[in-house]
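Everything on this sheet refers to the single structure shown next.
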Amino acid sequence: MSTHPPLRSTRLLDQLRERIPYDHYRLKTEQSYVQWVRRFVHFHALRHPKEMGGLEVESFLAHLANARQVSLSTHHQAQCALLYLYRHVLGVELPWMQSIGRPRQRVHVPVVLSRDEVARLIAAMPSDDALLPQLLYGAGLRIMEGLRLRIKDLDFDRRVIVVRDGKGGKDRVVMLPASLTEALRAQVAHSRAIWAEDRAAGRAGVWLPQALETKFPRAASSWAWHWVFPAPALAVDPRSGIERRHHLYEQRVSRTLARAVAQAGIPKKVTAHTLRHSFATHMLEAGVDIRRVQELLGHSDVSTTMIYTHVLTISAAGLASPLDSLSPPALRCAEPTPCYSVQYCIH
């Protein structure tokens, strides 16, 4: 049973929005959970979740898997949203939730770029937008970890970057690529100019996590807490309603990558996370210990890091195929007409 304080809101979705920040969930998680609860309620003709139970939850999840054919991750996200609703908002015990079947977890080999492809990708980007993707690849950062970097997180003297509040709420230290030092210093200078402009205009400071703004009232306006990659325009904070300077939006990075991939002629599905996959794979290929790579990536279990061993050039890509050992006559025919069978060649 939930031990949360009483809710002040009366409407279901407002209660969900009130509870999620209390548990320090991110805004994107709040938005996705609200969306799934809304879809669950509409699926069952606007019945209140208190009137429903395991059968209704299971039928909704079955509909997603069978009729809508959603991905495993989407299915899991919907289930987590409903689990959170019943457990933390409605305060209902969920003995039936444990018996609901879950799709079998599939292991997918990540998309990885070669070093040449990474170089071509970066070369195809506009100079103003290339720094962040280079940092994602050069330090193995997730896209939001890169976007949320603060000035205080860059240590040029020690050549390290402190990643704060990463996935799972964990901090870690990664390398600051030496080749990006000057570009990062220029970006810091650009950020300082924006910070000075905001201070001169008396604008609200940047967003701070976990009520730090209450504990340290001046921190939000301080230079140390300013974004390394500030957005060019102000935006309204969706939770507080305050207009302030946010960091760059991830959609901008995604659009830049998509254009650069097309221009570089890379026939792979490339996202910002592909750069992180490529970082891990190239580090392992360079002989870095897998435990060290695990620490750099912030993985809780080394088994997560081991997925990259499946795409190393020293594994499958480095092995000779038995087809390569066949004699030349068995591999091709003398006639120009294509041969569709090696064993029963018509030429």
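Keep in mind that what you see is a predicted model, and the values were worked out from it rather than measured.
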(request) Name the orientation class of the two ring planes belonging to Y249 and H247 (parallel below 30°, tilted from 30 to 60°, perpendicular beyond 60°). (result) tilted

(request) Can you label the angle between the Y33 ring and the Y25 ring as parallel, tilted or perpendicular, going by 30° and 60°? (result)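 Geometry flag for Y25 against Y33: tilted rings.
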
(request) Any chance you could lay out the side-chain contact (heavy atoms from CB on, under 4.5 Å) test for V228 and L154, step after step, and finish with the verdict? (result) CA-CA 9 Å; V228 174; L154 300 181; 3.9 Å; yes

Does the side chain of [X] pick up a donor-acceptor pair with the side chain of [Y] at under 3.5 Å?
{"X": "Q15", "Y": "S9", "value": "no"}
{"X": "D116", "Y": "S114", "value": "no"}
{"X": "R255", "Y": "Q251", "value": "no"}
{"X": "T281", "Y": "S278", "value": "no"}

(message) Among R38, H63, E56, exactly one meets side chain to side chain contact (heavy atoms under 4.5 Å, CB included) together with F43. Which residue is that?
(response) H63

Taking [X] for the side chain and [Y] for the main chain, is one N or O donor matched with an acceptor at less than 3.5 Å?
{"X": "R259", "Y": "S254", "value": "no"}
{"X": "E145", "Y": "L141", "value": "no"}
{"X": "H226", "Y": "R192", "value": "no"}
{"X": "D155", "Y": "R158", "value": "yes"}
{"X": "K170", "Y": "G298", "value": "yes"}
{"X": "H88", "Y": "Y84", "value": "no"}
{"X": "Q77", "Y": "S32", "value": "no"}

(request) Apply ring-ring contact (aromatic ring centres under 6.0 Å, His included) to H277 and list each qualifying residue two or more places apart in sequence or on a separate chain. (result) H273, Y308

(request) Scan R292, Q294, H299 and name whichever one has a side chain to side chain donor-acceptor pair (under 3.5 Å) with T305. (result) H299

(message) Salt bridge check, R17 against D14: does any charged N sit closer than 4.0 Å to a carboxylate O?
(response)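 A salt bridge is present here (some side-chain N lies under 4.0 Å from a carboxylate O).
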
(request) Name all residues meeting the salt bridge (Lys or Arg N to Asp or Glu O under 4.0 Å) criterion together with K269; count only those two or more places apart in sequence or in a different chain, and write none if there are none. (result) none

(request) Go through the structure and list residues passing salt bridge (Lys or Arg N to Asp or Glu O under 4.0 Å) with R159, not counting sequence neighbours. (result)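 If we apply the salt bridge (Lys or Arg N to Asp or Glu O under 4.0 Å) test to R159, skipping adjacent residues, there are no hits.
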
With a 6.0 Å cut-off (strictly less than), is the heavy-atom count around [atom1] of [X], excluding the residue itself, greater than 12?
{"X": "K50", "atom1": "NZ", "answer": "no"}
{"X": "R199", "atom1": "CZ", "answer": "yes"}
{"X": "M306", "atom1": "CE", "answer": "no"}

(request) Just do the side-chain contact (heavy atoms from CB on, under 4.5 Å) check on W227 and W195 with the steps written out, would you? (result) CA-CA 9 Å; W227 307 112; W195 170 80; over 6 Å; no

(request) Tell me, with the steps shown, if I161 and V173 meet side-chain contact (heavy atoms from CB on, under 4.5 Å). (result) CA-CA 6 Å; I161 299 172; V173 178; over 6 Å; no

(message) Ring centroids only, cut at 6.0 angstrom: are Y137 and F279 within range, meaning strictly under it?
(response) no

(request) Check the pair R203 / L234 against side-chain contact (heavy atoms from CB on, under 4.5 Å), numbers first and verdict last. (result) CA-CA 9 Å; R203 295 167 181 153; L234 302 178; 3.7 Å; yes

